[in-house]
Peer 1: 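One structure, as structure tokens, below. Some questions next.
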Amino acid sequence: MYFSEEEDTVQEKYNFKEVEKKWQDRWEKEELYRVEEDSPEEKYYCLEMFPYPSGKLHMGHVRNYSIGDVVARFKTMRGYNVLHPMGWDSFGLPAENAAIQNHIPPAKWTMDNIKSMKEQLKAMGLSYDWSREVTTSLPDYYKWTQWLFLQFYKHGLAYKKKGYVNWCSDCNTVLANEQVVNGACERCDTPVDKKALEQWYFRITDYAQELLDSLADLPGWPDKVKIMQENWIGRSEGAEIYFTVEKTGEKIPVYTTRQDTVFGVTYVVLAPEHPLVKKLIAGTNYEQSVQDFVKKVQQMTEIDRTSAETEKEGIFTGAYAINPINQEKVPIWVTNYVLYEYGTGAVMGVPAHDERDFMFARKYNLPIRFVIQPLEQKTNEAEMTEAYVEDGMMINSGSFNGLTSAEGRRKVAEFLEEKGAGKFMVNYRLRDWLISRQRYWGAPIPIVYCEQCGTLSVPEKDLPVILPLDVEFRPTGESPLNNYPEFLHTTCPQCGGAATRETDTMDTFVCSCWYFLRYTDSQNTEEAFRREKADYWMNVDQYIGGVEHAIMHLMYARFFTKALADFGLLEAREPFQNLLTQGMVLKDGLKMSKSKSNVVSPEEIIKKYGAETARLFILFAAPPERDLEWSDRGVEGSYRFINRVWRLIYHYLQDLKQNKEKFVSTQDLSSADQDLRRLMHSTIKRVTEDLELRFNFNTAISAIMEFVNGLYHYREEEKQNAPLLREAIEMLLTILAPFTPHLSEELWEAVGHQESIHLQSWPEYDEEALKTEEIEIVLQINGKVREHLIVPVEISREEIEKLALNTERVQKTAIGKEIKRVIVVPGKLVNVVIS
RNA sequence: GCGGAAGUGGCGGAAUUGGCAGACGCGCACGCUUGAGGGGCGUGUGGUUAUCCGUGCGGGUUCAAGUCCCGCCUUCCGCACCA
């Protein structure tokens with residue numbers, strides 16, 4: 001990019017309003033941040049989580065995008081071909097709620113918000129390639145979300161089934177397991193109900209093992225996030241064991257990780273929803289009471305039911321089961337503490353070796369039988385007040401006596417497997433992803449139902465299934481699609497007869513599962529993305545966003561990437577190579593929120609101090625992954641620094657314009673010149689390493705501040721070296737460019753450059769320039785700092801030792817004592833140990 | 001209960017491999033500049049000062065510990081009857 005010929009008058013005081021606007025407009029006009037795939041440079045994909053267009057930018061956004069912008073600009077200057085896109089996660093409930101409350105159509109509300117948020121983002125001076133912008137709620141995007149759904153369907157990874165699902169009565173829709181927090185809707189906190197409904201699922205459980213295993217391929221992810229995903233997947237190894245109903249011979253599979261305790265089983269328990277419950281009690285004396293109990297449990301809220309503190313309750317069904325290991329007859333109970341969704345929905349009760357079973361058995365006077373002996377001491381059964389849940393040695397277990405728990409787990413499972421009464425089993429806590437929502441503002445699921453032909457995909461050529469915009473909302477929250485005949489009624493793609501459309505839409509997390517792929521080829525009207533383009537850009541080298549997406553978005557996106565790779569659509573099996581989870585922005589130690597009225601508006605800060613002050617403060621105040629305490633004083637400090645840089649360079653402006661001599665020789669430098677030059681190079685080194693190795697923006701900025709302080713000191717020198725000064729100032733502007741892009745660009749132009757500073761290379765430091773002739777080392781006596789010695793750089797260990805021993809301080813201290821040892825750490829310190 | 005992160009001046013934070021604790025910034029004090037205020041430029045600023053003491057607490061390893069080991073405390077975050 002080249003600057004226009006017109007002469008700019010540089011003002012004495014930094015006018016951030018004019019300057020920021022001037023460069024934002026010029027960068028946009030010149031398409032400075034546009035990237036293509038045909039670059040000789042190595043690619044780098046820098047991505048920040050795209051926002052939901054609420055209409056207003058908040059400080060979390062400012063932090064997220066400031067971090068991303070520094071990374072993108074820095075990598076560009078380091079010589080990478082950087083993809084840095086932005087878009088909108090624009091389906092979702094708030095738009096619909098706005099429609100119900102204020103009678104604004106969701107599409108209009110959404111597009112208006114996008115417009116105003118885009119202006120706010122542009123006012124921040126972020127280096128996005130806006131030509132790649134994606135909007136998930138527009139047909140040119142959701143067409144491909146629907147197309148991807150069909151690929152999942154075709155490959156058997158999307159299916160419909162009836163099951164007990166989480167229902168939020170306030171949002172009027174079902175929720176995925178991941179969207180239920182403590183038994184309540186994560187969006188509105190309404191306790192969820194369990195409803196038996198037919199719903200669409202993605203078979204993420206097919207990928208459970210790979211999702212778990214390949215966490216190991218992500219060293220660039222925070223351990224915290226990997227551990228959370230690991231726990232969510234919840235893999236366990238155990239056995240399925242088949243108990244049989246005494247009367248009917250029907251099998252009851254139970255899942256356990258402690259098959260070594262199978263001789264300790266004194267009862268079997270079923271979840272209230274277990275289908276066997278009804279059969280067992282039908283026509284017996286127990287029928288009424290068990291039914292009452294089941295009803296009671298099902299009426300409990302999800303919170304109460306799943307809390308570990310909830311009292312364990314149960315009821316005998318009147319039926320008995322046979323333990324396949326020893327043919328023993330044990331009672332079958334129904335309880336509130338067995339989860340139908342996990343394992344087989346049935347559990348073997350081993351009170352002696354499981355806390356929950358222990359409490360349950362105590363309450364209902366069920367027998368407790370010890371079958372695992374601690375290795376160190378003998379259990380005194382009479383004195384036991386809690387279950388022994390550790391491993392040990394098997395006792396009271398027939399031919400298995402004497403085995404350790406680990407051996408027992410293997411042998412018992414093998415034995416049962418041989419008898420056809422059980423098998424080894426790996427279990428996961430991860431459930432399939434429920435993706436259908438009974439809401440309007442989402443991507444319609446491209447399915448039609450025909451009375452003759454059944455459930456059918458919409459043919460790919462008929463995509464997108466357009467979401468109608470002129471719909472009417474009812475205050476109930478019911479999806480208006482159900483009352484929109486033109487949408488609902490269609491023809492069967494197979495027989496041509498009358499058919500109806502699926503009116504459920506997809507969970508918005510489906511849309512955000514592949515947006516990073518669409519960015520690589522966002523204008524493509526023939527495909528979701530061209531494979532070569534995706535393969536060129538993927539994986540995302542650096543992904544940046546909030547930790548609140550640790551499970552849902554990040555796991556769903558990983559699942560999508562793996563599935564798409566299996567469909568042959570791309571090479572990558574992981575979407576995000578490196579992940580940075582930024583901390584929250586706090587005010588007065590609390591998360592900013594309307595209810596606490598401690599919200600600081602980015603718009604106001606930008607208006608008052610300019611975008612760069614806001615960016616600089618946020619990057620300077622804390623390292624990116626930590627929470628950040630907002631401080632108005634701190635903001636003023638950043639504002640001061642920016643003006644300090646401006647004044648410094650303004651002071652030299654005339655000289656710099658007239659004297660364009662380049663710095664070439666290190667001859668004839670005064671000691672102040674040498675100091676300045678050393679400071680300059682050590683600053684480059686520090687800033688480069690802080691950005692390259694650690695994303696420590698705060699310490700990088702502090703190094704630049706020290707450099708500026710050094711330049712102010714140099715300004716006091718009588719004799720100043722003009723070429724050196726020019727080099728130092730240009731270096732300063734260059735390393736500031738990722739942090740303060742407008743200021744740097746304006747001054748870069750002012751000192752006489754025609755090409756944008758953002759197209760310059762990142763400076764290299766000169767190892768030679770860092771060297772000094774003398775260094776300061778620490779003199780310690782018994783490990784305590786006593787003095788500082790100035791010594792030549794190339795001094796030997798022996799000389800340092802001699803020097804140290806000859807100091808007055810050491811001599812004095814050593815009177816009447818023995819010098820036991822002298823430790824020399826070259827270049828750092830000498831420690832004299834005196835008894 | 002389980003898992004993770006953190007705890008350093010009046011405040012935000014630095015200390016990269018065990019080697020000068022407190023970089024940088026805020027605040028505060030003082031000086032210079034200015035008609036004044038603001039702003040700017042500069043100096044000082046952990047606590048005590050004879051010296052010592054200091055990184056949540058108590059031990060330990062080491063010539064040397066904010067950093068390593070053992071045992072606790074507090075705060076925040078995530079998960080939580082998963083058999």
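It should be emphasised that the depicted structure is a prediction, and the values quoted were computed from it without experimental measurement. Numbers restart at 1 for each chain; the letters A, B, ... are given by sequence-line order, proteins then strands.
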Peer 1: Tell me the interatomic distance from A:Met555, atom CE, to B:G78, atom P, rounded to whole angstroms.
Peer 2: 17 Å
Peer 1: C1' atom, B:C63 versus B:G12: distance in rounded Å?
Peer 2: 36 Å
Peer 1: Under 6.0 Å from the ring centre and within 45 degrees of the ring axis: does the NZ or CZ of A:Lys312 meet both conditions for the six-membered ring of A:Phe360?
Peer 2: no
Peer 1: Measure from the side-chain heavy atoms of A:Lys224 and tell me the nearest of B:C41, B:C77, B:C81.
Peer 2: B:C77
Peer 1: Choosing from B:A83, B:G27, B:G78, which nucleotide comes nearest the side chain of A:Met228?
Peer 2: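 Selected nucleotide: B:G78.
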Peer 1: Considering just the side-chain nitrogens and oxygens of A:Arg640, establish if one lies under 4.0 Å of OP1 or OP2 belonging to B:C26.
Peer 2: yes
Peer 1: Are OP1 or OP2 of B:G42 and a side-chain N or O of A:Arg644 less than 4.0 angstrom apart?
Peer 2: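 Checking B:G42 against A:Arg644, a side-chain N or O does come within under 4.0 Å of OP1 or OP2.
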Peer 1: For B:G9, is chi within 90° of 0 (syn) or not (anti)?
Peer 2: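 Base orientation: syn.
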Peer 1: Could you tell me how far B:G10 sits from B:U45 if I compare only their P atoms? Round to whole Å.
Peer 2: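 Looking at atom P only, B:U45 and B:G10 are 16 Å apart.
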Peer 1: Looking at A:Asp304, is its backbone amide N or carbonyl O close enough to the side chain of A:Ser307 to form a donor-acceptor pair, meaning the two atoms are under 3.5 Å apart?
Peer 2: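 No; judged by distance alone, with no hydrogens or angles, the pair does not exist.
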Peer 1: For B:G13 and B:G18, measure between their C1' atoms and round to the nearest Å.
Peer 2: 22 Å
Peer 1: Who is the Watson-Crick or G-U wobble partner of B:C72, with both distances under 3.5 Å?
Peer 2: B:G56
Peer 1: Answer with base, sugar-phosphate or nothing: what part of the nucleic acid does A:Val833 contact at a heavy-atom distance below 4.0 Å?
Peer 2: sugar-phosphate
Peer 1: Side chain of A:Glu706 only, heavy atoms from C-beta on: which candidate in B:A83, B:C24, B:C81 is closest?
Peer 2: B:C24
Peer 1: Tell me: CD of A:Glu636 to C1' of B:G39, nearest whole Å?
Peer 2: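 Nearest whole value for this atom pair: 12 Å.
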Peer 1: Please give, in whole Å, the distance from B:C26 C1' to A:Phe617 CZ?
Peer 2: 10 Å
Peer 1: Using a 4.0 Å heavy-atom cut-off across all strands, classify A:Val338 as base, sugar-phosphate, or nothing.
Peer 2: base
Peer 1: Please say whether more than 12 non-hydrogen atoms of neighbouring residues, nucleotides or ligands are located less than 6.0 Å from CG in A:Asn709.
Peer 2: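 Correct, the count exceeds 12.
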Peer 1: What distance, rounded to whole Å, do you find between the two P atoms, one in B:C69 and one in B:G7?
Peer 2: 15 Å
Peer 1: Within the pair A:Arg258 and B:A83, is there a side-chain N or O less than 4.0 Å away from OP1 or OP2?
Peer 2: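 Answer no for this pair, as no side-chain N or O of A:Arg258 is under 4.0 Å from OP1 or OP2.
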Peer 1: For A:Phe263, is the NZ or CZ atom of A:Arg369 found under 6.0 angstrom from the centre of its six-membered ring and inside 45 degrees of the ring axis?
Peer 2: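 No, A:Arg369 does not sit over the ring of A:Phe263.
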Peer 1: When the distance from CD1 of A:Ile233 to C1' of B:G3 is rounded to whole Å, what number comes out?
Peer 2: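 For the pair A:Ile233 CD1 and B:G3 C1', the rounded distance is 16 Å.
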Peer 1: Are any of the side-chain nitrogens in A:Glu625 or A:Arg63 under 4.0 Å away from the carboxylate oxygens of its partner?
Peer 2: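 Answer for the salt bridge query: no.
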Peer 1: Per the atom types in the model, does the base of B:C81 pair as donor or acceptor with the side chain of A:Lys312 at under 3.5 Å?
Peer 2: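 Yes, the side chain and the base share a sub-3.5 Å donor-acceptor pair.
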Peer 1: Taking B:G31 as the reference, what is the distance to B:G37 when you measure between their P atoms (whole Å, please)?
Peer 2: 12 Å
Peer 1: What's the gap between B:C2 and B:C72 when it is taken at their P atoms, as a whole Å value?
Peer 2: 11 Å
Peer 1: Taking all non-hydrogen atoms of both residues, which atom of A:Ile372 and which atom of A:Asp391 are closest, and how far apart?
Peer 2: CG2-C, 4.1 Å
Peer 1: Base, sugar-phosphate or nothing for A:Arg429? Non-hydrogen atoms, less than 4.0 Å.
Peer 2: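 Base contact.
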Peer 1: Taking for each residue the nucleotide of RNA chain B bearing the nearest heavy atom, is the 5' side occupied by A:Ser638 or by A:Lys784?
Peer 2: A:Ser638
Peer 1: Considering only heavy atoms, which members of residues 707-718 of chain A lie under 4.0 Å from some atom of RNA chain B?
Peer 2: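 Only A:Asn709, A:Tyr712, A:His713 qualify.
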Peer 1: State which residue, out of A:Val830, A:Ile834, A:Ile819, A:Val833, fulfils the side chain to side chain contact (heavy atoms under 4.5 Å, CB included) condition with A:Ile781.
Peer 2: A:Ile834
Peer 1: At under 4.0 Å between heavy atoms, what does A:Thr256 touch on the DNA or RNA strands: base, sugar-phosphate, or nothing?
Peer 2: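 Since only primed, P, OP1 and OP2 atoms lie under 4.0 Å of A:Thr256, the category is sugar-phosphate.
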Peer 1: Centres of the A:Tyr364 and A:Trp333 rings: under 6.0 Å?
Peer 2: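 Ring-ring flag for A:Tyr364/A:Trp333: true, centres closer than 6.0 Å.
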Peer 1: Report the distance from atom OH of A:Tyr428 to atom C1' of B:C79, rounded to the nearest whole Å.
Peer 2: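 In whole Å, B:C79 C1' lies 20 Å from A:Tyr428 OH.
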Peer 1: Please state how far atom CE in A:Met348 lies from atom P in B:A83, giving the value in whole angstrom units.
Peer 2: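 Interatomic distance, CE of A:Met348 to P of B:A83: 12 Å.
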Peer 1: Each nucleotide in nucleotides 10-22 of chain B should get exactly one letter: B, S or -. Can you fill that in based on protein heavy atoms under 4.0 Å?
Peer 2: --BSS-B--BBS-
Peer 1: Please measure how far the C1' atom in B:U48 lies from the corresponding atom in B:C30, and state the result in whole Å.
Peer 2: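 B:U48 and B:C30 have their C1' atoms separated by 22 Å.
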Peer 1: Roughly how many Å apart are B:A65 and B:G56, using the P atom of each and rounding to a whole number?
Peer 2: 15 Å
Peer 1: If you measure only the distance, is there a donor-acceptor pair under 3.5 Å linking the side chains of A:Gln780 and A:Arg786?
Peer 2: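 No, because no side-chain N or O of A:Gln780 sits under 3.5 Å from a partner of the opposite role on A:Arg786.
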Peer 1: Heavy atoms only: give me the nearest A:Val687-A:Ala703 pair and the separation to one decimal.
Peer 2: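 Scanning both residues completely, I find the closest heavy atoms to be CG2-CB, 4.1 Å.
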Peer 1: Does the pair A:Lys608 and A:Asp632 meet the rule for a salt bridge (charged side-chain N to carboxylate O under 4.0 Å, His left out), with working shown?
Peer 2: CA-CA 12 Å; A:Lys608 194 166 170 195; A:Asp632 293 333; over 6 Å; no
Peer 1: Tell me the partner of B:U43, counting only Watson-Crick (N1-N3 plus N6-O4 or O6-N4) or G-U wobble (N1-O2 and O6-N3) with both under 3.5 Å; none if nothing fits.
Peer 2: B:A29
Peer 1: If I take atom CD1 in residue A:Ile227 and atom P in nucleotide B:C77, what distance separates them, rounded to the nearest angstrom?
Peer 2: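 Nearest whole value for this atom pair: 18 Å.
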Peer 1: Name the pairing partner of B:G1, where a pair is Watson-Crick or G-U wobble with both distances under 3.5 Å, or state none.
Peer 2: B:C79
Peer 1: Please give the nucleotide sitting opposite B:C20 as a Watson-Crick or G-U wobble pair, both distances under 3.5 Å, or none.
Peer 2: none
Peer 1: For B:A36, which nucleotide in any strand shown is its Watson-Crick or wobble partner with both distances under 3.5 Å?
Peer 2: none
Peer 1: To the nearest angstrom, how far is A:Lys591 atom NZ from B:G78 atom P?
Peer 2: 9 Å
Peer 1: So, using side chain to side chain donor-acceptor pair (under 3.5 Å) as the criterion, who are the partners of A:Gln179 when residues are at least two apart?
Peer 2: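 A:Gln179: side chain to side chain donor-acceptor pair (under 3.5 Å) contacts with A:Arg437.
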